[in-house]
Amino acid sequence: MLLKGKRIFYIEDNPQNLVITQLILEQHGAEVGVERWGQEEVFRKMEAFMPIDLILMDLMFPRNVTGYEIFDMIRSQPAYQNIPIVAVSAAEPTVEIPKAREKGFAGYIPKPVSLLHFPVQIFSILQGMPVWVGEED
């Protein structure tokens with residue numbers, strides 16, 4: 001199993017995307033913690049799920065909250081400063097990838113995620129190789 005023993009935390013407001021992504025990761029051996037982005041809950045749930053190997057995060061949330069703002073909130077907490085964060089988004093990659101790179105994300109994977117490629121992309125990121133899917137050459 002490609003992701004056996006890896007602990008991945010996913011912040012996503014769409015229940016359908018959350019379930020599909022969680023199932024793919026679990027089928028490949030990962031343990032998955034999830035949060036639909038209730039701001040009060042995310043840090044409590046992350047703390048309970050530690051240690052975390054990787055954080056996956058959507059970029060668009062309700063109430064005009066962006067993944068970039070959540071990224072800053074996560075990075076402001078010392079316990080989470082060194083955990084790679086990957087954007088998983090339906091937003092236009094050519095627009096979002098430069099922003100995500102500048103912010104310090106470890107990669108960008110577009111939605112819908114690929115059943116075939118997604119686990120390999122996550123494995124690559126966990127090995128320290130950034131993945132920027134959708135970036136123009």
V133 with F105, same ILVMFWY side-chain cluster at under 4.5 Å: no
Distance (rounded to the nearest 0.5 Å) between R63 CZ and D13 CG: 9.5 Å
Y108 side chain to R101 backbone, donor-acceptor under 3.5 Å: no
Heavy-atom nearest pair, P93 first then P98, reads O-CD, 4.0 Å
Treating Ile, Leu, Val, Met, Phe, Trp and Tyr as nodes and any side-chain heavy-atom pair under 4.5 angstrom as an edge, say whether L2 and L115 lie in one connected cluster. yes
Any link between F71 and V65 through a network of hydrophobic side chains (Ile, Leu, Val, Met, Phe, Trp, Tyr) touching at under 4.5 Å? yes
Taking side chain as C-beta onward, heavy atoms only, is I55 less than 4.5 Å from I11? yes
Does any N or O in the side chain of R7 come within less than 3.5 Å of the main-chain N or O of P51, such that one atom is a donor and the other an acceptor? yes
Between E96 and Y68, do the side chains contain a donor N or O and an acceptor N or O under 3.5 Å apart? yes
Pair K111-N17, side chain to side chain contact (heavy atoms under 4.5 Å, CB included): steps then yes or no: CA-CA 8 Å; K111 291 179 196 171; N17 291 334; 3.4 Å; yes
Are there more than 12 heavy atoms of other residues, nucleotides or ligands under 6.0 Å from atom CD of E47? no
Among V113, I122, V32, which one satisfies side-chain contact (heavy atoms from CB on, under 4.5 Å) with T21? V113
Please evaluate residues Y10 and L25 with respect to the criterion side chain to side chain contact (heavy atoms under 4.5 Å, CB included), reporting the C-alpha separation (whole Å), side-chain torsions for both, the decisive distance (0.1 Å), and the verdict. CA-CA 10 Å; Y10 188 29; L25 294 169; 5.6 Å; no
Among V86, V120, I85, I8, which residue meets the side-chain contact (heavy atoms from CB on, under 4.5 Å) test with I125? V86
Out of curiosity, does W132 fall in the hydrophobic cluster containing V88 (side-chain heavy atoms, cut-off under 4.5 Å, transitive links)? no
S89 and M60: which non-hydrogen atoms are nearest, and at how many Å? OG-CE, 4.0 Å
Does a side-chain heavy-atom distance below 4.5 Å link F118 with H28? no
Please tell me if the side chains of D53 and L126 come closer than 4.5 Å, counting only heavy atoms from C-beta onward. yes
I want to check something: taking the side chain as every heavy atom from C-beta on, are L3 and Q27 in contact at a cut-off of under 4.5 Å? no
Euclidean distance, L56 CG relative to F9 CZ, rounded to 0.5 Å: 10.5 Å
Enter the distance from Q22:CD to E31:CD here, rounded to the nearest 0.5 Å. 11.5 Å
Applying side chain to side chain contact (heavy atoms under 4.5 Å, CB included), run through T66 and F61 and close with a yes or a no. CA-CA 6 Å; T66 71; F61 290 89; over 6 Å; no
Is the side chain of E12 donor-acceptor paired with the backbone N or O of N14 at a distance under 3.5 Å, no angle test? yes
For P119 and S114 the tightest heavy-atom approach is CD-O, 4.1 Å
Gap between atom CD1 of I52 and atom CE of M46 - 0.5 Å precision: 4.0 Å
Using the rule that Ile, Leu, Val, Met, Phe, Trp and Tyr join whenever any side-chain heavy atoms are under 4.5 Å apart, tell me whether V34 and I83 fall into a single cluster. no
Within 45° of the six-membered ring axis of Y80 and under 6.0 Å from that ring's centre, is NZ or CZ of R75 located there? no
Compare every heavy atom of S76 with every heavy atom of P78, then report the nearest pair and how far apart it is. CD-O, 3.6 Å
Atom CD of residue position Q127 - does it have more than 12 heavy atoms of other residues, nucleotides or ligands inside 6.0 Å? yes
Q77 and Q81 side chains, donor-acceptor separation under 3.5 Å: no
